Each structure stands twice: as structure tokens, then as C-alpha cells.
Amino acid sequence: MIWHIFRKDCRVLYMAIAGAALAHAIAAGTWIAVGPFEPRSTLSTAANMLSALGLTLAVVVSVMAVHEDLLSGATSDWAVRPIRRRHMLWAKIVFALTAIHGPVLLIDFVQAVTFGFPVAAAAGAALTRGGVIFCTLTLPAIVFAAFSRTLVSWAALTFAWLIGTILVSTLASRLTGVYGMWDSMLPTVHVALLLVACAVALGLLYSRRAWSAAAVMLASQALTVPLAAIPWQTWLGIHGLVSQPGEIARALQVSFDPGRFRLGVDVQRPDIGTTVILPLQIAGLPADHLLLIENTTLRLVDSGSVILRTDNPSCYGSGPTCWDHSPVSADIIGDATIDYPIQLPTAVYARIRDKPIQVELQLSLTVLGRTSHNVISNQKDYERLDLGRGQCLVARSAWGGRDVDLRCLRTTPPPACRRVFIDDAGTPSVIVQCQPDYRTAWLRVFPDMLERDPPISGDSFPRSMERSSTPGTLTLETFAPDARFARNIIIPGIHLGEQTQDPQFDEADRRDAESIQQTPWSQAGSSGRRDALARPVTSL
Amino acid sequence: MTIETRRLRKRFGSNDALKGIDLTVPEGSAYALIGTNGAGKTTTIRILMNMLAATGGSAAVLGVDSRRLGPDEFARIGYVADHQDLPGDLTAGRYIEYLRPFYSSWDRQLETSLIRTLALPVDSRIRTLSHGTRMKLSLVCALSYHPRLLVLDEPLGGLDPLVRDEFLEGLIQQAGDLTILISSHELAEIEGLVTHVGFLDAGRLLVQESMSNLSARLREVRVTLDREAAPPSPLPVDWLQVQAIGNVLSFIDTRFSETESHQRIAASLAGVRGIDARPMPFRTIFTALAHAARSEGA
């Protein structure tokens with residue numbers, strides 16, 4: 001009877017189904033008209049809006065289908081008919097999957113094929129996108145539809161739930177004091193819990209009409225709050241149980257470099273405090289590899305008692321409150337030295353400056369290996385590259401002078417990091433980018449779907465390495481994680497007050513750092529020196 | 001018994017909608033569940049139809065716990081209720097067509113006959129139908145598969161007299177061995193249909209018996225005296241609505257018996273010249289019971 005109910009819903013809602021499909025088709029057509037590389041234009045804005053409209057309509061039509069056979073209340077005619085409740089539930093799910101997601105799937109597939117992707121890649125991308133939209137959007141919408149009787153009550157319920165979720169996640173971030181952990185480490189946990197909650201809630205609603213139990217299931221999302229408080233060391237420990245770091249991790253050396261131990265320039269700024277620069281020497285990183293330092297925990301110990309403890313989750317390019325987490329790139333700068341800034345309140349610094357202090361530093365590290373290497377000529381408008389994990393269409397606009405505009409359209413998960421070289425007359429200039437939500441957690445959701453990487457423009461390259469007007473070669477490399485592990489560094493008996501001021505850490509550098517805008521991908525230009533950015537003391 | 005409840009209770013927040021009712025609907029009967037607004041009639045029916053969960057007690061329909069009513073049982077139950085949600089975008093004909101495959105006993109001839117009797121416009125969308133026509137559609141969809149039990153919750157409310165007659169005609173034609181549970185305020189209309197009656201008041205089932213028993217034991221009595229009439233003291237407990245006008249004392253005797261009532265009246269009143277005991281219409285019985293319930297409540 002599932003098919004019978006499904007056909008009834010199609011018969012009743014055929015206009016709405018056609019409307020949602022039409023919105024998708026127009027959106028796809030507009031994207032095709034815009035082209036694969038999305039130049040900023042009115043048309044691309046319209047395409048974005050139409051895509052959003054298409055998705056909204058798809059969700060609304062799914063909700064309407066559920067409301068055709070109301071579950072809530074005691075006036076539904078179908079509830080006193082010989083209709084199995086599970087058949088009704090499956091009929092609604094089949095309706096959403098076929099009548100709503102079917103056209104979306106087809107349109108997404110056509111769009112990817114039109115952009116030049118192989119049929120298999122286009123089908124995979126369309127299927128994955130459809131799956132993600134169904135699991136994260138349509139299925140929760142169906143659950144709320146089962147709770148409600150009208151579109152208005154459904155919208156109100158959904159809005160209330162969203163507000164609740166935002167409040168809970170914000171509270172979790174605040175309570176745990178590790179900003180970003182909630183957002184960065186648990187996307188898969190969130191999605192998995194949402195899926196489980198929706199599936200169980202629908203089962204409870206349709207099989208037993210257990211409204212309270214179903215509402216509790218949805219509220220169980222709050223159970224993820226304690227997960228946010230789990231320290232990165234624990235996550236990494238669990239990761240270590242299922243994945244051994246290997247030879248690369250064992251060969252990598254991270255050590256304190258006493259020769260460059262120094263003070264930051266803001267020693268005289270009581271409002272900011274005193275910054276002590278802790279230099280770390282990285283050795284043993286193989287060529288064609290990157291090293292990311294993701295999370296750090298610092299403890300300053302005086303005669304056995306902890307006088308300062310601070311956790312620093314990774315935060316890429318988000319301004320002066322974050323440490324510079326640009327990946328260390330061994331084959332560009334060889335064995336690297338990175339500066340770890342310790343910011344102390346002036347009074348604390350004055351109290352401990354002449355005492356022997358033990359510095360204990362815990363680092364979570366990821367070594368990323370190169371997965372693809374492509375040298376792009378400057379003759380074509382765009383070309384197809386093999387990035388190791390699927391294909392990428394790369395375009396450049398007006399390649400000449402500084403007007404490099406590198407864009408990527410993929411049907412595969414984005415690489416964890418990518419590196420771009422421009423070599424003009426032997427003067428290399430490089431940009432390394434990593435995903436902003438790249439973290440220790442191995443649970444990540446980056447399904448195959450048609451995605452546009454943020455463009456890299458000529459302005460992104462370091463000022464010191466500006467290219468000449470002569471076009472050169474452009475190299476694009478991608479990287480994937482090889483090993484994740486932790487390192488502990490203990491530096492006993494150092495005197496913070498014996499250090500000299502860092503001549504390089506000046507106000508100009510600070511202003512420069514503060515001007516970094518948050519972008520979808522973090523960027524760091526390798527100009528041979530890493531800026532040490534001040535970061536706040538989170539506990540004392 | 002087709003329907004049987006034991007100490008059935010339902011609580012909405014702090015409101016006790018049902019306070020432990022024992023309802024018994026014999027097979028083949030036409031049972032009228034009557035009561036004032038808010039007495040608990042619809043709540044009882046919704047619990048019986050597994051649309052609401054009871055707070056306590058038990059309810060069995062066709063021998064099955066009402067919470068376990070499933071497709072097998074609903075294939076033998078017809079349900080018509082005021083304000084039932086029907087798919088408004090379908091035409092009446094499409095809706096009947098949609099329901100057919102769910103019932104193995106669906107009778108196309110009966111369906112056609114009912115559509116004709118009730119003058120149902122099958123090509124009109126359900127949302128455009130009047131309330132009365134929607135009720136007629138519900139009746140067609142409840143009778144066309146020969147159910148064993150027909151449950152009607154306020155089916156005549158808001159229907160004009162013509163539609164009401166058509167509805168009842170369609171119903172009576174198919175009554176046969178059907179067991180009917182009907183809740184209605186339209187007592188005069190269903191009087192010829194019902195065989196049993198249950199009177200619900202404020203969540204309590206105060207009266208439950210066959211119509212023949214009820215008609216036999218409830219009489220409107222007028223006693224003519226040879227003097228100024230006055231209610232006896234103490235007032236017999238089975239006398240309701242006692243009124244004295246001139247030398248006539250009228251009341252409703254709730255335990256009337258041809259053989260005993262005259263003696264009891266004579267024992268209670270002096271100077272009885274004549275006794276006139278008349279059967280009561282269903283509507284009067286209902287109002288008498290309702291008044292009595294309210295007086296007791298007060």
C-alpha cells in the first residue's frame with residue numbers, strides 16, 4: 001500500500017512537485033549560464049537565490065505530503081482506516097526521495113555533466129548531495145511535520161528548534177571555554193545524532209504515537225554538549241587506538257630552540273601584557289609534506305604548582321587572538337622554526353620573570369602528504385586536473401601580471417590543504433591553504449558533491465613575492481593527512497626575564513596580522529618568517 | 001459484546017474528562033451515547049477508536065484492546081465524525097477510489113447505491129463540499145465495505161433537515177446486523193434507530209440500558225388529587241421534576257411499573273382521584289436525566 005499512498009500524494013501535490021522541480025531546473029540553468037567558475041555577477045547571485053528557493057520548496061512540499069495524512073491530533077481519517085502506520089511513514093519517505101529529490105538528483109547530475117565531469121563522478125556528486133540534503137534537511141522537516149498540523153505551526157516548531165540548537169551550542173562553547181571545539185570537532189557527530197534522533201522519533205511517532213518520547217529524542221541533541229568538553233588529548237588518544245602514526249611521525253622532531261628565545265614587543269603594554277616568544281625547531285619533516293599544529297596546551301610550572309595553563313585550539317587566519325597556524329612546509333623553508341607566543345599579564349610576568357619556570361607544551365600535530373601535483377600552463381581558459389582524489393576543473397582569468405584567478409570546481413571531497421606556486425623568473429611565490437575546519441577529529445563529513453573552492457587571486461600572494469608582469473608557471477598541489485599524533489615538550493628551569501626583545505615583532509606586523517580577514521580557507525604566504533600573533537590567556 | 005470498557009478514565013491536564021466509565025455495547029445493537037456538551041462522549045469514542053490513549057482502565061472493541069486496534073480491526077469498523085480531516089484536494093470520487101484497495105470487502109454496488117441515495121457529487125473536490133455533503137461522503141466511505149461496527153460521532157450536527165433525512169435513510173438502509181454506536185444531540189431523529197442508550201454526564205456514565213427498558217420505567221405521571229396538590233415529604237427518590245399546579249401533581253417516575261406504581265403513589269399522596277402515566281419521548285427522557293444529574297451535582 002506504500003505505492004498506493006504515494007500515488008495519492010503525487011496526485012494531490014503534483015503542482016507543488018512541479019513548482020519545486022522547476023525552481024531547481026531554473027537554478028541549474030542559471031548556474032550553467034554562469035559557467036563553472038562563478039564570476040561575481042548578478043546572475044550568480046540569482047543562481048544562488050534560486051538554489052536556496054528550490055531547496056526551500058522541496059522541503060515545504062515534503063512537509064505538505066506529511067500534512068496530507070496528519071499524524072497529530074485525533075481527527076485524521078486515515079487513522080481509522082486499515083492502513084499500516086509504517087506503510088504511511090514509508091510512503092512519505094518514498095515521496096520525499098522520489099517526487100522531491102528525484103528531480104533534484106537529475107538536475108544536479110545534468111549540471112555536473114554539462115560542466116564536463118565524467119558521468120560516474122557527476123552521478124556520485126548528485127547522489128551525495130541529494131543524500132546530504134535528505135538527511136540534514138528533508139528528514140528533520142518530515143519529523144517536525146509529523147508533530148505539526150499546518151505549515152505555519154511547522155515553521156514555528158522548526159524555528160524554535162533551531163533557536164534552541166543555537167543556544168545550546170553557544171552555551172556549550174562558552175561553558176567549555178575552548179572556543180571552536182564544538183563547531184570544529186563534531187560535525188559528523190551532530191549529523192549522526194540528528195539522523196538517529198529523526199529515525200527513532202519517526203518510528204516512535206508513527207508506530208506508537210509516542211509524542212513525548214519522540215520530543216525527548218529530538219531534544220537529545222543536547223547530549224552532544226558534553227562531547228564538546230572532551231579535550232583534544234582524549235580525541236587524539238582515541239584516534240591513536242584506531243590509527244598508528246607510522247614512520248613519518250616517529251621521525252619528526254619538535255624541540256625548543258633556546259637561541260631564539262625572546263620577548264615580544266608588547267612588554268611595555270600593560271593592557272595586553274607581556275608576550276614571550278617560545279621558538280620551536282621542527283626537524284625530520286619529509287619533502288612534499290606539510291605539518292599542521294592544530295591544538296596546543298601550555299602549562300607554566302613554578303616549584304610544582306601550575307601558575308598558568310592555557311589551551312589553544314587551532315584557528316586559522318581569524319585575527320590577532322589566534323596563533324599563526326599556517327602549515328609548516330618543509331620543502332620551502334627546510335627545517336622550520338616556529339614561534340609560539342606565551343602571553344602573560346604584566347603582573348604575572350613581573351612576579352615570575354626572575355624565577356626558574358618549567359614550560360610544558362603539548363602539541364597535536366598532523367603530517368600531510370602530497371596527493372597531487374599539477375603544473376598549469378597559461379594558454380587555456382581552464383583545464384581539467386587530476387587531484388589524486390577525483391578531478392578538478394581549474395580556471396584562470398586574465399593570467400598576466402597579478403591578475404591570477406585560480407578557481408576549482410570539484411565533484412569530490414576537497415583536499416585538507418592545497419599549495420599554489422607561481423614561479424616567475426626563478427622567484428617562487430607560494431600560497432598554502434588548509435580547510436578552516438580541518439581538525440584532529442577523524443570524523444568529518446565532506447561528501448562528494450559539486451563544490452566550488454574559494455578562488456585564489458593574485459592579491460593573495462605575499463607582497464614581498466609579487467610577481468613580475470611576465471607570466472610564469474603555476475603549480476597546484478593538494479595534500480591529505482598521513483599521520484596525526486601528539487608531542488610533549490618540557491623545558492625545565494628557564495628564566496623568562498633574561499630574554500631580549502624581538503626586533504621583528506613590531507607594530508607593523510601586528511597591524512598586518514590584525515588585517516587578516518576570516519576566509520573560507522585559511523591562507524598563509526610563505527615569506528620565510530612566521531608572524532607570532534598575541535593570544536589571550538584563557539586561565540590563570 | 002462489540003464494545004466493552006472497564007473503569008475507563010481520561011485526564012487532560014487537571015481536567016478529568018472520563019471518571020471510570022463501564023460502557024457495554026451489545027452486538028447488533030444501536031447504542032446512543034448521549035449527554036450534554038463536555039460530558040465526554042467524543043473522548044470516549046476517540047479512545048475506542050485508538051485515536052486517544054486512555055489514562056486508566058481498559059477498552060475493548062470487537063474483542064481487541066482499543067490501543068491494539070490495527071488494520072484487521074479497522075477493516076471491520078466504520079467511523080464517521082464531525083470535523084474529520086479528509087484530503088481536501090481530492091474529489092469525492094477519487095477519495096472513494098483511493099480507499100477501495102484498503103478493504104477486501106468493499107462492495108462497488110453498495111457504494112454506487114449509497115452515492116445515489118445520498119446524492120453525492122463525486123466530481124467535486126472535497127474542500128469545496130458543504131459540511132453536510134462531507135458527512136455523506138464519510139458515510140459512504142464507512143458503509144461501502146459492510147463493517148461490523150459503525151461508530152458515529154455527532155454525525156447530524158450542523159446538517160439541514162433534508163440532508164439529515166438523507167443521511168439517516170442511508171444509515172437505516174444498511175443497519176441490518178450492524179452494531180452502531182452513535183453520539184448525538186439530535187435525539188428526536190435517532191429515536192427510531194437506537195436500541196440502547198448510555199447517558200454520560202461530566203465524565204460519568206449515569207444510565208446505561210436498553211431503550212425498551214428505559215421507555216418502560218420512565219413515565220411522565222400526572223396525579224389528580226381531591227385537594228390542593230403539594231409534593232410529599234420526604235420526596236420519593238425515583239421522582240424527578242416534581243411540580244404541583246392546582247390539584248395536579250406531575251413528575252417523572254424513574255421506576256414506573258404498571259403493577260406497583262399506583263400503589264406507591266397512593267401510599268405517598270392522600271386523596272388521589274386519578275393517575276395518568278404516559279410514555280416519554282427520547283428527548284424528554286434525556287432532558288429529565290440531564291436535569292436530575294445537574295440537580296445532584298448542585
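Convention: sequence-line order gives letters A, B, ...; per-chain numbering from 1. Since we're looking at a predicted model, the values are computed, not measured.
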Inset, instruction - Identify the two heavy atoms, one from B:P71 and one from A:P82, that lie closest to each other, and give their separation to 0.1 Å. - result: O-CB, 3.2 Å
Inset, instruction - Apply side-chain hydrogen bond (donor to acceptor under 3.5 Å, both in side chains) to A:R81 and B:Y79, showing your working. - result: CA-CA 9 Å; A:R81 300 286 174 191; B:Y79 177 72; over 6 Å; no
Legend entry - Contact class of B:N50 relative to chain A, heavy atoms under 4.5 angstrom: both
Inset, instruction - Identify the two heavy atoms, one from A:V80 and one from B:Q84, that lie closest to each other, and give their separation to 0.1 Å. - result: CG2-NE2, 4.0 Å
Inset, instruction - Please flag which part of B:A75 lies under 4.5 Å from any non-hydrogen atom of chain A: side chain, backbone, both or neither. - result: both
Inset, instruction - Please say whether more than 12 non-hydrogen atoms of neighbouring residues, nucleotides or ligands are located less than 6.0 Å from CG in B:N15. - result: yes
Inset, instruction - Check whether more than 12 heavy atoms from other residues, nucleotides or ligands sit under 6.0 Å from atom CH2 of B:W106, and answer yes or no. - result: yes
Inset, instruction - Give the member of A:V12, A:L13, A:L70 that has the highest number of heavy-atom pairs under 4.5 Å with chain B. - result: A:V12
Inset, instruction - Take A:T75 and B:R46, measure what side-chain contact (heavy atoms from CB on, under 4.5 Å) needs, and give me the verdict at the end. - result: CA-CA 9 Å; A:T75 55; B:R46 284 179 176 174; 3.5 Å; yes
Legend entry - Side-chain heavy atoms of A:I5 within contact of B:F102, under 4.5 Å: yes
Legend entry - Sequence neighbours excluded - salt bridge (Lys or Arg N to Asp or Glu O under 4.0 Å) pairs with any residue from residues 58-71 of chain A: A:K8-A:D69, A:D69-A:K92
Legend entry - A:F159, CZ atom: more than 12 neighbouring heavy atoms under 6.0 Å: no
Inset, instruction - Kindly compute the distance separating CG (B:L99) from CH2 (A:W78), expressed to the nearest 0.5 Å. - result: 13.5 Å
Inset, instruction - Could you list all the salt bridge (Lys or Arg N to Asp or Glu O under 4.0 Å) pairs where at least one residue sits in residues 61-88 of chain B, not counting sequence neighbours? - result: A:R149-B:D85
Inset, instruction - Under 4.5 Å, counting heavy-atom pairs only, tell me which of A:R84, A:R11, A:R208 racks up the most with chain B. - result: A:R11
Legend entry - Test item: A:H4 side-chain N/O and B:Y98 main-chain N/O as donor-acceptor pair under 3.5 Å: yes
